[in-house]
Amino acid sequence: MADRYFANDMPEFVEEAPAEDSAKVGSLTKLVSLPCATLSDMLKASALDLKNTVVMQAWGVSGNRVQDYTLYTGALGTACLALKAYQVTKNHTDLKLCADIVKACDIASRDSGHVTFICGRAGVCALGAVAAKHAGDGMLLDHYLSQFKEIKLPSDLPNELLYGRAGYLWACLFLNKNIGDGTVSTTRMRSVVDEIIKAGRQLAKKGRSSLMYEWHGKKYWGAAHGLAGIMYVLMAVQLKPDEVEDVKGTLRYMIKNRFPSGNYPSSEGTESDRLVHWCHGAPGVALTLVRAAEVFGDEELVQAAIDAGEVVWRRGLLKRVGICHGISGNAYVFLSLYRLTGKVEYLYRAKAFACFLYDKAPRLISEGRMHGGDRAYSLFEGVGGMAHLFLDMAEPSEARFPGYEL
C-alpha cells in the first residue's frame, strides 16, 4: 500500500515566520513557514510558468487544433487554467486565450454525444459562457447559453459525475452561480434531479443505503463515478424533505461502513483499502462531507469530514501529481476544511502539500519516482492541475476543486 504514496514526515504544524528567520531552516520546512502572502507570490510565479508550458504543449504544439476537448485530459482543461490565471492576475491575454481554446472545443464537441461538465459538451458551453461574461461579450454569451440549452440527455444516461446526469446538473449549477440565478431554469434541473433520485431509490431497494447507483456494473462510492459525486451535486439543489433524508441517510451509510483506517471503499463490497484519491477514496468523500456539513450543519458530518482529512494527511502524498489521483487534488481537501472550520492548521496542511509539489515534484518526476500523468499537461492528470492549485493558494478561502466544488 505504501508504494502508492510518499511517507509524510512533515511536521504536524509549523508557525509562520518572517522570511529572514525561515531562511535558517531546511528547504521544505522553510517554505511552509513562510507567511502566506510571500508563499502565494512564489507559487503564483511558478503557476504562471507552468501555465505557459501547458499552453505551449497542450495547445501550441497541436497547431491550436483539438482532438480531446474535455476538461479532464483535454483542451478545455487548458482553457480552465487560463481562466483561473486571468481571475488571479487580470491579464486579458489569458482571458482571450481561454476564449480561443473554448471556441475550438465548441467545434470539436458538437457531435460528441457527451453531456457533462468534466467530460462533455455542457462543460464547453458553460465555461465559454463564463469567459464571455468576463469579457463583456453579450453575443458570445448568448451563443454559448443557447448551445447549452440545446443539449439533450439520452434516456440511458448513467447518473455519475464524469459522464452522467450529475455531471450535467453540475454544469447547470455552475452557470447559475457564475452567470446568474435562473440562467438554467429550476424546472429543467428538477427533471434531472427526479431521474437521479428515482434511479437511486430503485437500486437501493435491496440494500442498506437510502440511495445507490451503478456505473459499468459496479456500485461506486467515489467522487468521479459514485455516491460521493452524486450526493455533492444533489446537496447543491433544492430538494424535497424526503430527498434530503435520503441524501443524509446515504452519507451516514458511507460513514458507518468506511474502513477501520478511516478511508472509504472505492465501490460497494470491496475490501481493498488502497486508494486515497479524489476519484476513489477519502479525498473526494471529504469534499462531499464538507459540503454536507455546510448544508446541514450536523456535527457528525463535520467530524466525518475531519476524519477523512486525517487519512489524506497520512496517506495523501501520492506518487502522482494531478488533481484526480494526485497530490494536487488532495491538497484541496485541506483548503475545503480550512473554509469549513477556519482553523489555520488546515491552511498549513494545504501549504505543506503545495510546497511538497513546488519543492520536489519536478525532480521526482524527472527521476521517475513520481508519475507526471498519462496526459502530462492536462488539468486532471498532469501539471495543469498543479498550476491550478498554486493559483488557488493566492486566495485560499476562495479555492475550489475545479469541476467539483461550487
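Computation of the quantities below employed the complete heavy-atom set of this structure, encompassing side-chain atoms and omitting hydrogens, waters and symmetry-equivalent molecules. Please read these numbers as outputs of a predicted model, since none were measured by experiment.
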Worksheet item: Which heavy atom of A199 sits nearest a heavy atom of Y213, and at what distance?
Response: C-CE2, 4.2 Å
Fill in: Residues D68 and T70: side-chain donor-acceptor under 3.5 angstrom
yes
Worksheet item: Got more than 12 heavy atoms from elsewhere within 6.0 Å of CD, E150?
Response: yes
Response to the item:
ring-ring contact (aromatic ring centres under 6.0 Å, His included) test vs Y168 passes for just one of F174, F117, F148, namely F148
Fill in: Any side-chain donor near an acceptor of the partner, H143 and D106, under 3.5 Å
yes
Fill in: Minimum heavy-atom distance between K30 and S33, given as atom pair plus value
O-OG, 2.9 Å
Discussion item. If you compare all heavy atoms of C98 against all heavy atoms of L83, which two are closest, and at what distance to 0.1 Å?
Written reply: SG-CB, 3.9 Å
Worksheet, complete the sentence: Between P265 and W221, the two heavy atoms sitting closest are O-CB, 3.3 Å
Practice prompt. With rounding to the nearest 0.5 Å, note down the distance linking CD1 in I323 to OH in Y332.
Written response: 6.5 Å
Item to complete: State the CG-CE distance between L227 and M254, to the nearest 0.5 angstrom.
Response: 5.0 Å
Worksheet item: If you measure from OH on Y358 to CE on M386, what distance do you get to the nearest 0.5 Å?
Response: 11.0 Å
Discussion item. Tell me whether the count of non-hydrogen atoms from other residues, nucleotides or ligands lying under 6.0 Å of CG in D111 goes above 12.
Written reply: no
Worksheet item: Counting heavy atoms not belonging to K248, are there more than 12 under 6.0 Å from its NZ?
Response: yes
Discussion item. Taking atom NZ as the centre, does K177 end up with more than 12 heavy-atom neighbours from other residues, nucleotides or ligands that are less than 6.0 angstrom away?
Written reply: yes
Worksheet item: Do Q147 and R121 have a side chain donor and acceptor closer than 3.5 Å?
Response: yes
Worksheet item: What about the rings of Y348 and Y338, do their centers lie closer together than 6.0 Å?
Response: no
Worksheet item: Considering residues, nucleotides and ligands other than R363, do more than 12 of their heavy atoms fall under 6.0 Å from its CZ?
Response: yes
Worksheet entry | salt_bridge(D94, K84) N-O dist < 4.0 Å | no
Worksheet item: Say you draw a straight line from OH of Y163 to NE2 of H216; how long is it, rounded to the nearest 0.5 Å?
Response: 8.5 Å
Discussion item. Looking at K256, I want to see if its NZ is surrounded by more than 12 non-hydrogen atoms of other residues, nucleotides or ligands under 6.0 Å.
Written reply: no
Discussion item. Within a 6.0 Å radius of atom CD on E367, are there more than 12 heavy atoms belonging to other residues, nucleotides or ligands?
Written reply: yes
Worksheet entry | Y404 ring center within less than 6.0 Å of Y232 ring center | yes
Discussion item. Is the shortest side-chain heavy-atom distance between E245 and S210 below 4.5 Å?
Written reply: no
Worksheet, complete the sentence: Which of T186, N176, I196, L169 passes side chain to side chain contact (heavy atoms under 4.5 Å, CB included) with V237? Answer is L169
Practice prompt. Mind checking the CG-CZ spacing from D392 to R400? Nearest 0.5 Å is all I need.
Written response: 9.0 Å
Practice prompt. List the atom of R349, the atom of E12, and the distance in Å for their closest heavy-atom pair.
Written response: NH2-OE1, 3.2 Å
Worksheet item: Can you name the nearest heavy-atom pair linking S336 to L287, along with the distance?
Response: CB-CD2, 3.6 Å
Practice prompt. Given side chain to side chain contact (heavy atoms under 4.5 Å, CB included), test L391 with L48 step by step and report yes or no.
Written response: CA-CA 8 Å; L391 289 168; L48 295 175; 4.2 Å; yes
Fill in: Residues Y69, S112; criterion side chain to side chain donor-acceptor pair (under 3.5 Å); working and verdict
CA-CA 10 Å; Y69 69 84; S112 71; 2.9 Å; yes
Discussion item. Looking only at the side chains, is there a donor atom on one of Y346 and T341 sitting less than 3.5 Å from an acceptor on the other?
Written reply: no
Discussion item. Between E405 and R339 (salt bridge meaning N to carboxylate O under 4.0 Å), is one present in this structure?
Written reply: yes
Practice prompt. Using a cut-off of 6.0 Å, state whether more than 12 heavy atoms not belonging to R65 lie near its atom CZ.
Written response: no
